[in-house]
Amino acid sequence: MRERRESTLADRRAREFEAFVAGAGGRLLHVATLLTAESPGHSPEAQRLLLGALTEMYAEWDRRSDEDPYDRTRQELVTRFARSAWRLRRRARTWDAGAEAGVLVRLVPQERLVVVLRLYEGVPEEQTAALLGLPVERVRAIGTRAVSVLRSTRPPRLRAPTWRDAS
């Protein structure tokens, strides 16, 4: 009897988690893709980050209280990205990243975190600061600098065709 009840609980847990992933998985993958600055069509690092965050969320699915699972998974995703960005080399602010790079490739990882959380996800400055362990003024300054970098740096111009190219 007890085994049957545990099996029913496990099935319910799996169904709830599958429904959560079906509803929020696409948006979370887009957040991970923005953080890693990969192109949306090819984002293995973003998929790896999301898989790790979802694995952690599944492990604590029964222990979660009234906390929103999307917010908790986003927090885990941001934490994993921050840890990996700290260990890996930082990318330089160049536009020479090739066709496989995403829009936010010109930003350093910390700037990407702030831009994605503040502008894409709409997380208030206070929550972003708490999540990243920074003062609110620092988050505001990072966000301002990141937006100015995005506004000032233009993508490379395409070369206009010449008569020689047409032949």
Side-chain angles (χ1 to χ4, degrees), residues 17 19-61 63-158:
F17 187 75
F20 166 70
V21 172
R27 184 167 173 102
L28 286 166
L29 180 59
H30 190 68
V31 169
T33 303
L34 288 172
L35 288 173
T36 58
E38 295 174 309
S39 68
H42 181 69
S43 53
E45 183 66 20
Q47 290 173 357
R48 187 189 64 75
L49 274 174
L50 180 59
L51 183 62
L54 288 173
T55 302
E56 182 70 25
M57 188 64 196
Y58 185 76
E60 63 183 42
W61 189 258
R63 294 188 304 266
R64 73 187 196 324
S65 56
D66 293 335
E67 189 176 14
D68 181 23
Y70 181 83
D71 287 341
R72 179 67 187 104
T73 307
R74 181 182 59 206
Q75 181 180 3
E76 181 66 28
L77 190 66
V78 165
T79 303
R80 285 175 177 272
F81 173 74
R83 270 192 242 133
S84 68
W86 181 259
R87 282 185 291 228
L88 301 175
R89 62 179 168 81
R90 291 181 166 210
R91 290 186 181 180
R93 283 189 184 164
T94 62
W95 185 249
D96 193 28
E100 293 298 315
V103 175
L104 302 180
V105 73
R106 295 172 280 175
L107 303 177
V108 295
Q110 191 176 46
E111 292 171 338
R112 267 187 260 146
L113 277 169
V114 171
V115 166
V116 169
L117 289 173
R118 292 281 300 124
L119 301 180
Y120 182 71
E121 287 289 302
V123 178
E125 282 181 344
E126 294 79 20
Q127 281 183 317
T128 301
L131 184 61
L132 299 177
L134 299 171
V136 176
E137 295 79 22
R138 180 80 176 125
V139 168
R140 190 175 300 130
I142 292 170
T144 302
R145 185 179 61 230
V147 169
S148 69
V149 166
L150 290 174
R151 284 183 178 164
S152 68
T153 310
R154 300 194 197 302
R157 290 184 165 196
L158 296 175

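Here the structure is a predicted model, which is why all the values come from computation and not from measurement. When a residue number appears, it is its place in the shown sequence, counting from 1.
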Q.
So which atom in Ser148 and which in Arg145 form the shortest heavy-atom distance, rounded to 0.1 Å?
A. OG-O, 2.7 Å
Q: Please examine the side chains of Leu117 and Arg74, heavy atoms only from C-beta on, and report whether any two atoms are closer than 4.5 Å.
A: yes
Q: Sort out for me which residue in Trp61, Tyr58, Tyr70 forms a ring-ring contact (aromatic ring centres under 6.0 Å, His included) with Phe20.
A: Trp61
Q) Nearest 0.5 Å, what's the CG-CD distance between Leu132 and Gln110? A) 7.0 Å
Q. Can you tell me how far CD of Glu56 sits from CZ of Arg80, rounded to the nearest 0.5 angstrom?
A. 6.0 Å
Q: Please round to the nearest 0.5 Å and tell me the distance separating atom CD of Gln75 and atom CG of Asp71.
A: 8.5 Å
Q) Measuring from Leu113:CG to Leu77:CG, what's the distance to the nearest 0.5 Å? A) 9.5 Å
Q: Any chance you could measure Ser43, atom OG, to Leu35, atom CG, to the nearest 0.5 Å?
A: 11.5 Å
Q | Passing candidate, side chain to side chain contact (heavy atoms under 4.5 Å, CB included) with Phe81, options Glu76, Arg112, Glu45 | A | Arg112
Q | Name of the residue among Thr73, Val21, Thr33 meeting side chain to side chain contact (heavy atoms under 4.5 Å, CB included) with Leu28 | A | Thr73
(Q) Using every non-hydrogen atom in the two residues, find where Gly25 and Leu50 come nearest and quote the distance to one decimal. (A) O-CD2, 3.9 Å
Q: Look at Arg106 together with Glu111 and state whether they make a salt bridge at an N to O cut-off of under 4.0 Å.
A: no
(Q) Minimum heavy-atom separation for Thr36 and Ala46, please, with both atom names. (A) OG1-CB, 3.6 Å
Please tabulate, for side-chain N and O atoms in residues 135-142, each donor-acceptor pair with protein atoms closer than 3.5 Å (sequence neighbours left out).
unit_1, atom_1, unit_2, atom_2, d
Arg140, NE, Glu125, OE1, 3.2
Arg140, NE, Glu125, OE2, 3.3
Arg140, NH2, Glu125, OE1, 2.9

